[in-house]
Student: 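If you scroll down you'll find the structure; I have some questions about it.
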Amino acid sequence: MGAGLANAAYAQDKVSTVMEIGGSKLAVSPQEMRALSALGNLARGAQSGRQDRALADARRVVNSRDARFALALYELEIGNRRGDDAMRAGALDVLIASPLTRPERLAGHLAVRGQIAYRAGDFDVAGRLWGRLAELTPTDPDALANLAQVRLAQKDAPGAMDLLTRAIAARTALGQPVAEGWYRQRLSIAQQGQLVAPGADAARALIGAYPTRENWRIALVVYRQLVAAEGALEIDLFRLTRHAGVLTQAAEYQRMAQLLNEAGEPREAKAVLGEGVQRGLLDAAVSPTREIIAEVERAIARVRPGAARAEQPSAAGMQVRLGVARLNAGQRGEAEAAFRAAADDPAGGRYADLGFFWLAWLGRG
């Protein structure tokens, strides 16, 4: 008799009962229904002790796929209210893997679960989840930008650069403003990974979108470091940096003056040193500025008309220098034409970048 009653009770608990939650109709056993209903009545409350007991009861009796799905929904709700990432992570893992999760909700689950993993330093899991999210929403700029952070944390600078570049393009295509921080980080990634060509593009993009004095400084300094400028190119980069008013360090003034002096331009070197002294960045009586000034004065005394100058730049470089000369003479239109000729020169190399930078400076408004 006892065994018969037990078997009847077991059979009764095997009967499916329809439970509706989150817009989904689920088939659960009566025992699962009782435990889940009790938990659902407490999920939105603040009685953590009673919630924990109801959670334990539900976890003990839940066996079916549908019941596990319902339990995960309640666990997610409670975890969100408590700020409990461990509970949220477990619940989200179930929901992400479940075929019962609606497609329109899957992206949100992947985004949140990836964020939890990223905060915990589990970059492999974050990358897997956000990678799947990016596949589901290939035009979502935030999904791409988040995945870029993972690649950066994994020391994959090229991967991070590609993703952040795509994120910026996606946001632009949507007609939405792109955060200044994205442009800056793109340039920072290039600097960290020594990515020369992407870095040049990133420097251009930063000053094109946010042409502030600080960004001009960042873009030109990082660009100079990335391309390892030397000789005529380094001089011309310093000239642009000085003209833009973002030559800010004593060492830069000293370096520029020495380069100009070695290139047969001692008078320009003297003007550079004088500006550094006037701005309070250099002290004419203190080494090494004192010695540099003396070298420049001796070079000026030795200058003879028609003396040959040191290294000359490429054809595009000559256009840049022509543009600078025209600009200094107040001939803005002629200067712009020369800079454009350099920027559009397919063989211009780094001087094509300088042409672009000068045009951007002239067009800053």
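From a predicted model like this one, the values you see are computed outputs, not experimental measurements.
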Student: Is there a side-chain contact between D66 and M19, using heavy atoms and a 4.5 Å cut-off?
Tutor: no
Student: Taking all non-hydrogen atoms of both residues, which atom of T289 and which atom of D283 are closest, and how far apart?
Tutor: CB-O, 3.5 Å
Student: Please report the C-alpha distance between Q115 and W130 in whole Å, then the side-chain angles of each, then the deciding distance to 0.1 Å, and finally whether the side chain to side chain contact (heavy atoms under 4.5 Å, CB included) criterion is met.
Tutor: CA-CA 9 Å; Q115 186 65 49; W130 280 345; 3.6 Å; yes
Student: Under the criterion side chain to side chain contact (heavy atoms under 4.5 Å, CB included), I'd like the reasoning laid out for Q249 against L281: C-alpha separation, chi angles, the key distance, then a yes or no.
Tutor: CA-CA 7 Å; Q249 296 182 7; L281 294 171; over 6 Å; no
Student: Can you tell if the side chain of L206 reaches within under 4.5 Å of the side chain of R186, non-hydrogen atoms only?
Tutor: no
Student: Minimum heavy-atom separation for I189 and A160, please, with both atom names.
Tutor: CD1-CB, 4.0 Å
Student: Going only through I, L, V, M, F, W and Y residues with side-chain contacts under 4.5 Å, is there a path from V112 to L76?
Tutor: yes
Student: Can you find a heavy atom in the side chain of R239 that is under 4.5 Å from one in the side chain of D236?
Tutor: yes
Student: Report the distance from atom CZ of R267 to atom CG of L260, rounding to the nearest 0.5 Å.
Tutor: 13.5 Å
Student: Using the test ring pair (Phe, Tyr, Trp, His ring centres under 6.0 Å), find all partners of F69 that sit at least two apart in sequence or belong to another chain.
Tutor: none
Student: Any side-chain heavy-atom pair from L152 and L164 closer than 4.5 angstrom?
Tutor: no
Student: If I compare all heavy atoms of G355 with all of V320, which pair ends up nearest, and what's the gap?
Tutor: N-CG2, 4.1 Å
Student: Does this structure show an ion pair linking D57 with R53, if we count only N-O contacts that are shorter than 4.0 Å?
Tutor: no
Student: Do L247 and V324 share a hydrophobic cluster, counting only Ile, Leu, Val, Met, Phe, Trp and Tyr and linking them when any side-chain heavy atoms are less than 4.5 Å apart?
Tutor: no
Student: Does this structure show an ion pair linking R204 with D201, if we count only N-O contacts that are shorter than 4.0 Å?
Tutor: no
Student: Run the side-chain hydrogen bond (donor to acceptor under 3.5 Å, both in side chains) check on Q31 and R34 step by step: do they pass?
Tutor: CA-CA 5 Å; Q31 186 181 23; R34 287 191 295 272; 5.6 Å; no
Student: If every non-hydrogen atom of A126 is compared with every non-hydrogen atom of A117, which pair is closest and at what distance?
Tutor: N-CB, 3.7 Å
Student: Do V94 and L73 share a hydrophobic cluster, counting only Ile, Leu, Val, Met, Phe, Trp and Tyr and linking them when any side-chain heavy atoms are less than 4.5 Å apart?
Tutor: no
Student: Does W361 share a hydrophobic cluster with M256, counting links as ILVMFWY side-chain heavy atoms below 4.5 Å and allowing steps through other members?
Tutor: no
Student: Looking only at heavy atoms, what is the nearest atom pair of A200 and R350, with distance?
Tutor: CB-NH1, 4.4 Å
Student: Can you check whether R332's main-chain N or O pairs, donor with acceptor, with R326's side chain at less than 3.5 Å?
Tutor: no
Student: More than 12 heavy atoms of other residues, nucleotides or ligands under 6.0 Å from CD of E20: is that the case?
Tutor: yes
Student: Determine whether I21 and L26 make a side-chain contact, defined as any pair of heavy atoms from C-beta on separated by less than 4.5 Å.
Tutor: yes
Student: Could you go step by step and tell me if R128 and D124 meet the salt bridge (Lys or Arg N to Asp or Glu O under 4.0 Å) rule?
Tutor: CA-CA 6 Å; R128 175 172 54 80; D124 288 340; over 6 Å; no
Student: Looking at CG of L36 and CG of N41, how far apart are the two atoms once the value is rounded to the nearest 0.5 Å?
Tutor: 11.0 Å
Student: Donor-acceptor check, side chain of R171 to backbone of V178, threshold 3.5 angstrom: yes or no?
Tutor: no
Student: Which value, rounded to the nearest 0.5 Å, describes the distance between H109 atom NE2 and L95 atom CG?
Tutor: 4.5 Å
Student: With respect to E297, which candidate in K270, R302, R290 satisfies the salt bridge (Lys or Arg N to Asp or Glu O under 4.0 Å) definition?
Tutor: K270
Student: Between Q194 and L226, is any pair of side-chain heavy atoms under 4.5 Å apart?
Tutor: yes
Student: Hydrophobic cluster membership, with links at side-chain heavy-atom distances under 4.5 Å among I/L/V/M/F/W/Y: are L354 and V221 in one?
Tutor: no
Student: Step by step, would you call Q258 with E295 a side-chain hydrogen bond (donor to acceptor under 3.5 Å, both in side chains)?
Tutor: CA-CA 9 Å; Q258 288 176 311; E295 290 174 9; 4.8 Å; no
Student: For the CG atom of L144 and the CZ atom of R166, what is their distance to the nearest 0.5 Å?
Tutor: 5.0 Å
Student: Using the ring pair (Phe, Tyr, Trp, His ring centres under 6.0 Å) criterion, which residues pair with F339? Sequence neighbours excluded.
Tutor: W358
Student: Just by modelled atom types, is the S48 backbone N or O under 3.5 Å from a matching donor or acceptor in the R82 side chain?
Tutor: yes
Student: Does the cation-pi check pass for R213 over W216, that is, NZ or CZ under 6.0 Å from the six-membered ring centre and within 45° of its axis?
Tutor: no
Student: Does the side-chain hydrogen bond (donor to acceptor under 3.5 Å, both in side chains) test come out yes or no for Y351 and Q319, once each step is laid out?
Tutor: CA-CA 9 Å; Y351 273 103; Q319 287 293 330; over 6 Å; no
Student: Looking at A157 and G193, what are the two nearest heavy atoms and their distance?
Tutor: CB-CA, 3.8 Å
Student: Could you grab the distance from atom CD of E32 to atom CG of L71, nearest 0.5 Å is fine?
Tutor: 10.0 Å
Student: For salt bridge (Lys or Arg N to Asp or Glu O under 4.0 Å), just list the numbers for R321 and E268, CA-CA rounded to whole Å, side-chain angles, deciding distance to a tenth of an Å, and then say yes or no.
Tutor: CA-CA 14 Å; R321 290 192 173 185; E268 187 179 355; over 6 Å; no
Student: Answer whether the closest heavy-atom distance between the side chains of E252 and R224 falls below 4.5 Å.
Tutor: yes
Student: R184 versus L187: any side-chain heavy-atom pair under 4.5 Å?
Tutor: no
Student: How many angstroms lie between CD1 in I292 and OG in S287, if you round to the nearest 0.5 Å?
Tutor: 8.0 Å
